[in-house]
Protein chains: 2
Amino acid sequence: MGLAKTEKFTDQQNEIARFAKVFGHPARVSILQHLFKIDACVCGDLVDEIGLAQPTVSQHLKELKQLGLIKGNVEGTKVCYCIHKENWVAMKKVLIAFLDQDLPINPDCC
Amino acid sequence: MGLAKTEKFTDQQNEIARFAKVFGHPARVSILQHLFKIDACVCGDLVDEIGLAQPTVSQHLKELKQLGLIKGNVEGTKVCYCIHKENWVAMKKVLIAFLDQDLPINPDCC
DNA sequence: AATATTAATCGTAATATTGCGATGAATAAA
DNA sequence: TTTATTCATCGCAATATTACGATTAATATT
């Protein structure tokens with residue numbers, strides 16, 4: 001199968017999973033951290049930073065772009081990437097709401 | 001390949017990815033939300049709640065247990081699950097630190 | 001125009017994930 | 001002791017993901 005039965009879950013649950021999934025690979029975590037560190041557009045040097053082959057990095061960038069977490073603009077022969085701020089804030093809200101649920105006050109039960 | 005090259009990334013990046021990955025499937029999100037909602041041990045009725053076959057739910061529970069996010073105790077013919085609070089808090093700290101990075105003040109560059 | 005540079009896309013191989021039926025182990029109930 | 005219940009594990013099929021070499025498209029440089 002290998003296919004998540006999304007129709008069995010709520011839109012909210014599927015959205016949380018979709019966002020979380022993109023962070024489920026260290027290369028994408030690394031790309032995002034680099035974009036945050038640079039605090040601006042990164043043009044071209046991403047492949048050297050990440051340490052994977054160019055097609056592989058390109059593929060991870062595509063996934064990040066598809067989810068709307070980064071923007072990419074062609075700049076001559078280079079492409080410049082940066083965090084999509086509005087979408088990042090929206091995603092953050094969704095995931096933190098899930099992570100930050102109140103923990104039971106009850107003592108441990110099991 | 002299908003194999004993440006973890007050795008190319010920092011321990012922190014791999015840890016973030018490992019945690020995020022487990023939330024990358026709506027069934028696991030659903031299981032965790034249910035455990036939070038019940039606010040206690042859930043004994044037995046998880047399969048009905050989630051809507052997937054029993055072996056499938058069992059497998060998702062196993063992954064959550066392996067990452068330490070839930071505890072499971074045998075209670076007769078039933079097994080009782082609940083959130084592992086300390087580990088949840090620790091995981092939350094790691095993921096929120098990643099999500100909550102400061103956004104550039106700069107106007108959009110691309 | 002010819003060449004170089006950059007990054008997307010295609011194709012493919014290797015591995016991982018998801019889902020479930022069948023089975024098994026363990027306890028409870030009769 | 002027999003039967004029922006519950007859940008873990010095994011084994012398999014279907015699909016997804018990861019990685020990269022080869023190629024392509026686009027612009028820059030000479």
Side-chain angles (χ1 to χ4, degrees), chain A residues 1-9 13-14 17-32 34-35 41-67 70-82 110, chain B residues 1-9 13-14 16-31 34-35 41-67 70-82 110:
Chain A
M1 300 257 146
L3 195 158
K5 300 209 150 179
T6 54
E7 77 280 2
K8 300 223 171 181
F9 305 100
Q13 287 162 346
N14 283 314
R18 217 165 41 242
F19 281 137
K21 200 173 185 180
V22 90
F23 301 129
H25 193 290
R28 293 189 290 266
V29 171
S30 173
I31 288 170
L32 290 165
H34 187 67
L35 291 180
C41 270
V42 167
C43 302
D45 56 343
L46 261 177
V47 171
D48 299 331
E49 283 291 332
I50 304 307
L52 296 176
Q54 180 267 321
T56 309
V57 174
S58 189
Q59 195 175 312
H60 286 305
L61 286 168
K62 189 180 169 191
E63 286 176 61
L64 288 168
K65 215 192 307 188
Q66 271 173 347
L67 249 187
I70 63 174
K71 300 184 196 177
N73 260 28
V74 177
E75 200 103 350
T77 56
K78 304 204 166 193
V79 179
C80 296
Y81 288 104
C82 63
C110 33
Chain B
M1 302 260 148
L3 195 157
K5 300 209 151 180
T6 54
E7 77 280 3
K8 300 222 172 182
F9 305 101
Q13 286 162 347
N14 283 313
I16 291 170
R18 217 166 39 242
F19 281 136
K21 201 173 185 180
V22 90
F23 301 129
H25 194 290
R28 293 189 289 265
V29 171
S30 173
I31 288 171
H34 187 66
L35 291 180
C41 270
V42 167
C43 302
D45 56 342
L46 261 177
V47 171
D48 299 331
E49 283 290 334
I50 305 306
L52 297 175
Q54 179 267 321
T56 308
V57 174
S58 188
Q59 193 175 315
H60 286 306
L61 286 168
K62 189 180 169 189
E63 288 176 61
L64 288 168
K65 216 193 304 187
Q66 272 174 346
L67 250 186
I70 64 174
K71 299 183 199 179
N73 259 29
V74 177
E75 199 103 347
T77 57
K78 305 207 167 192
V79 178
C80 298
Y81 288 104
C82 63
C110 34

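Within every chain, numbering begins at 1; the chains are lettered A, B, ... in the order of the sequence lines, protein sequences first and strands thereafter. This structure is a prediction, so every number in the text was calculated from the model and none was measured.
Heavy atoms of A/Lys8 sit nowhere under 4.0 angstrom from any nucleic acid atom. At a threshold of 4.0 angstrom between heavy atoms, the contacts of A/Lys21 are confined to the sugar-phosphate backbone, with no base atom among them.
Taking both residues in full, the closest heavy atoms of B/Gly24 and A/Ala20 are given as N-CB, 4.0 Å, listed atom of the first, atom of the second, then distance. Listed here is the closest heavy atom pair of A/Phe19 and A/Phe23: O-CD1, 3.4 Å. Of all heavy-atom pairs spanning B/Tyr81 and B/Leu35, the tightest one is O-CD2, 3.6 Å. Here the closest heavy-atom approach between residue B/Leu67 and residue B/Arg18 is recorded as CD1-O, 3.5 Å. Of all non-hydrogen atoms in B/Glu75 and B/Cys80, the two that sit nearest each other are CB-SG, 3.8 Å. The two atoms that bring A/His25 and B/Ala4 nearest to each other are NE2-CB, 3.4 Å, heavy atoms only.
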For residues 49-64 of chain B, which side-chain donor-acceptor pairs fall under 3.5 Å, sequence neighbours excluded?
unit_1, atom_1, unit_2, atom_2, d
B/His60, ND1, B/Arg28, NH1, 3.0
B/Glu63, OE1, B/Arg28, NH1, 3.1
B/Glu63, OE2, B/Arg28, NH1, 3.4

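Whole-Å rounding puts the B/Asn73 CG to D/dC7 P distance at 13 Å. Across the protein-nucleic acid pair, B/Lys5 atom NZ and C/dT15 atom C1' stand 13 Å apart, rounded to whole Å. Atom CD1 of B/Ile31 is separated from atom C1' of C/dG19 by 13 Å (rounded to the nearest Å). One atom, CG of B/Leu64, and another, C1' of D/dA8, lie 15 Å apart when rounded to the nearest Å. For the pair A/Glu75 CD and D/dT27 P, the computed distance is 13 Å after rounding to whole Å. In this structure, A/Lys62 places its NZ atom 16 Å from P of D/dA19, rounding to the nearest Å. Atom CZ in B/Phe23 sits about 14 Å away from atom P in C/dT18, given to the nearest Å. Whole-Å rounding puts the B/Asp48 CG to D/dC7 P distance at 9 Å.
Between A/Val29 and B/Asn14 there is no side-chain heavy-atom pair separated by less than 4.5 Å.
Comparing the start and finish of the helix from C/dA1-D/dT30 to C/dA30-D/dT1, five pairs each, the helix axis swings through 10°, to the nearest 10 degrees.
The 5' end of DNA chain C is approached more closely, in terms of each residue's nearest nucleotide, by A/Thr77 than by the other of A/Thr77 and B/His25. For the pair A/Val47 and B/Ala27, both in contact range of DNA chain C, the more 5′-proximal nearest nucleotide belongs to A/Val47.
Proximity note for A/Met1 (side chain, C-beta onward) versus C/dA7, C/dG19, D/dA16: the nearest is C/dG19.
OP1 or OP2 of C/dA8 sits under 4.0 Å from a side-chain N or O of A/Tyr81. Proximity of A/Lys78 to the phosphate of D/dA28: no side-chain N or O atom is located under 4.0 Å from OP1 or OP2.
In this structure, NZ on B/Lys71 lies 12.5 Å from NZ on B/Lys65, to the nearest 0.5 angstrom. One distance of note links NZ of A/Lys78 with SG of A/Cys43; it measures 7.5 Å at 0.5 Å rounding.
For the segment residues 49-60 of chain A, residues with any heavy atom less than 4.0 angstrom from an atom of DNA chain C are, sorted by number, A/Gln54, A/Pro55, A/Ser58.
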